[in-house]
Participant: 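Questions regarding the structure given below will be posed in turn.
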Amino acid sequence: MASIMEGPLSKWTNVMKGWQYRWFVLDYNAGLLSYYTSKDKMMRGSRRGCVRLKGAVIGIDDEDDSTFTITVDQKTFHFQARDADEREKWIHALEGTILRHTLQLQEAEAGFVPSVQDFDKKLSEADAYLQILIDQLKVGFDHKNIHCFKMQHHFKNLKETTCSMVESIKHCIVLLQIAKVTSSLSLSVFNKDASQVCKSDQRPSTLPVGPIVTVMGSLQTSTPNSTGEPPPISAFYAECLNRKIQFNAHIWTKSKFLGMSIGVHNIGQGCVSCLEHDEHYILTFPNGYGRSILTVPWVELGGECNISCSKSGYSANIVFHTKPFYGGKKHRITADIFAPNDKKSFCSIEGEWNGVMYAKWATGENTAFIDTKKIGIVKKKVRKLEDQLDYESRRLWRDVTVNLKLKDIDAATDAKHRLEEKQRAEARERKEKEQQWETRLFHEDGECWVYDEPLLKRLPTQRP
């Protein structure tokens, strides 16, 4: 057996429900990854099992730098190395073996017409190589110990060139994905006639409205608005007149390419005001992740959020848990609620943020906290397209929307490009004339953006 690499790895097994130590041997000529319960068993030739690598795809995790997967023949095997460096060595050796035997397979199947699934595999492979390159760049371009100015300059140029190459590869992968979607798009959302686009003045939301909004009652109004600030900031406002509750928030985002995912870091804050009690609760937002962007995309939330009220002293820490690389559930949420000046929570929440959440009280009592699936979907009301102002979103993006529904990606891209170029030209003109962007509905207050006519301002004074 011509092995090119051997050593210990942990393998996830459904039998034992956990990671199990194994000794692995990679055979380059045979295209096999064999594993044994110990090195001694390997020396005796007592093999536990093997993974055939012909046509296999390597997968890597965005959140964990030591785990990876091998998918072949519709089966996925999970492995864990000691650290990131060890994982990289194994992936490099595995990919060389996979490439050799996959090419042999393709040569043997002359005349084979690749399917969309085969295309997906190649996209996944390209994305895996890209992620390895990104990881190598993080390690390779640490120039803190370079004290020579000339070397630092050359190092900087090399880094800029390499980063530019990475961006080009990212762009190529995205274009390949668009090409795949363009050739096989059959989503039901595009089945409607384009003549019906934006004609309805009432459109049901595709997602159930979360508990913060739904507790406001039946009479709700909401107002989103772009502030025109760099970076683009979205400000929004909602209220319930019956319960005298208003919600004002602003948010801007930082996006990051994570190999098989895209992460969006949401920066900003919101304020829920219970006007009858004169209490204002400040909250932050979770991050968003678009997972498996090159295969079957899905979205999840992740990160820690906080809610606090300076008047009442009550606060809460909320954690949106991302799905682990192996096992685990999607959309998990946990939270702890604290009374004023207490370090120990009096209530803990856990469950799914888009499903059922349960509360555990300090008394030991367990109760159902909320079932979001039982909350009614609130239909969103918008003005007809012809009644909207020039800079309202649906009117502004109407050409892009129509062409997307017609499945004309080129026309949609051209329409988007024209719109963005027009906005850039207007921004340059304002800069030359030293003019500021004038917002219609919100004004800046410190680091926050506040709605001009909130419920608090319109209600008669409640207190002397």
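Side chains included, hydrogens not; waters and symmetry mates left out as well; all remaining heavy atoms used.
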Participant: For E453, enumerate each residue passing the salt bridge (Lys or Arg N to Asp or Glu O under 4.0 Å) test, keeping only those at least two apart in sequence or located in another chain.
Facilitator: K457
Participant: Checking E300 side chain against K330 main chain: does a donor-acceptor pair fall under 3.5 Å?
Facilitator: no
Participant: Does N306 offer a backbone N or O that forms a donor-acceptor pair with the side chain of T284 under 3.5 Å?
Facilitator: yes
Participant: For the backbone of A411 and the side chain of D408, can you confirm whether one donor and one acceptor N or O come within less than 3.5 Å of each other?
Facilitator: yes
Participant: Under the salt bridge (Lys or Arg N to Asp or Glu O under 4.0 Å) rule, collect the residues that match up with E426, sequence neighbours excluded.
Facilitator: K422
Participant: Report yes if some heavy atom in the side chain of V57 is under 4.5 Å from a heavy atom in the side chain of I70; otherwise report no.
Facilitator: no
Participant: Parallel, tilted or perpendicular, judged at 30° and 60°: which one describes the rings of W12 and W19?
Facilitator: perpendicular
Participant: Going by the rule side chain to side chain contact (heavy atoms under 4.5 Å, CB included), which residues pair with V356 if we only count those two or more places apart in sequence or in a different chain?
Facilitator: Y358, D371
Participant: Does any N or O in the side chain of Q246 come within less than 3.5 Å of the main-chain N or O of A238, such that one atom is a donor and the other an acceptor?
Facilitator: no
Participant: With under 30° as parallel and over 60° as perpendicular, where do the rings of F285 and F236 fit, or are they tilted in between?
Facilitator: tilted
Participant: Using atom types as modelled and distance alone, determine if a side-chain donor or acceptor of S315 lies under 3.5 Å from a backbone N or O of I307.
Facilitator: no
Participant: Side chain of D83, backbone of D85: donor and acceptor closer than 3.5 Å?
Facilitator: yes
Participant: Could you pull out all residues at least two apart from F77 that satisfy ring pair (Phe, Tyr, Trp, His ring centres under 6.0 Å)?
Facilitator: none
Participant: Test of understanding: with side chain to side chain donor-acceptor pair (under 3.5 Å), list the residues that count as partners of K433, not counting sequence neighbours.
Facilitator: E429
Participant: Applying salt bridge (Lys or Arg N to Asp or Glu O under 4.0 Å), name anything that partners E392, two or more places apart in sequence or on another chain.
Facilitator: R383
Participant: Can you check whether V264's main-chain N or O pairs, donor with acceptor, with S255's side chain at less than 3.5 Å?
Facilitator: no
Participant: Within the supplied structure, the quantity of interest is the number of heavy atoms (other residues, nucleotides, ligands) at a distance under 6.0 Å from K11 NZ; does it exceed 12?
Facilitator: yes
Participant: Taking the side chain as C-beta and beyond, is there a heavy-atom pair between F68 and H78 under 4.5 Å?
Facilitator: no
Participant: Could you list the residues that satisfy side chain to side chain contact (heavy atoms under 4.5 Å, CB included) with R395, not counting sequence neighbours?
Facilitator: L385, Q388, D390, R398
Participant: Indicate yes or no: does R428 engage E432 in a salt bridge with an N to O separation below 4.0 Å.
Facilitator: no
Participant: Examine distances only and state if a side-chain atom of R87 and a backbone atom of A81 form a donor-acceptor pair shorter than 3.5 Å.
Facilitator: no
Participant: Ring centroid separation for F79 and F24, is it under 6.0 angstrom?
Facilitator: yes
Participant: Answer yes or no: does atom CD of E350 have more than 12 heavy-atom neighbours from other residues, nucleotides or ligands under 6.0 Å?
Facilitator: no
Participant: For the residue pair L455 and I245, establish whether any side-chain heavy-atom pair is separated by less than 4.5 Å.
Facilitator: no
Participant: Does CD in E420 sit with more than 12 non-hydrogen atoms of other residues, nucleotides or ligands closer than 6.0 Å?
Facilitator: yes
Participant: Tell me, please, which residues at least two apart from D452 pass side chain to side chain contact (heavy atoms under 4.5 Å, CB included).
Facilitator: H443
Participant: Considering residues at least two apart in sequence or located in another chain, which fulfil the salt bridge (Lys or Arg N to Asp or Glu O under 4.0 Å) criterion with E421?
Facilitator: R424
Participant: Nearest 0.5 Å, please: how far is CH2 in W90 from CG in L94?
Facilitator: 7.0 Å
Participant: Can you sort out the partners of S348 under side chain to side chain contact (heavy atoms under 4.5 Å, CB included), two or more places apart, ordered by chain and number?
Facilitator: D336, S345
Participant: Please output the side-chain donor-acceptor pairs of residues 266-275 that fall under 3.5 Å, not counting sequence neighbours, one pair per line with the distance.
Facilitator:
residue: N266; atom: ND2; partner: P286; partner atom: O; Å: 2.6
residue: S273; atom: OG; partner: H280; partner atom: ND1; Å: 2.7

Participant: Under 3.5 Å, is there a donor-acceptor pair linking the side chains of T76 and T69?
Facilitator: no
Participant: For the side chain of N248 and the backbone of Y451, is there at least one donor-acceptor N/O pair under 3.5 Å apart?
Facilitator: yes
Participant: Run the side chain to side chain donor-acceptor pair (under 3.5 Å) test against T413 and tell me which residues pass, sequence neighbours left out.
Facilitator: none
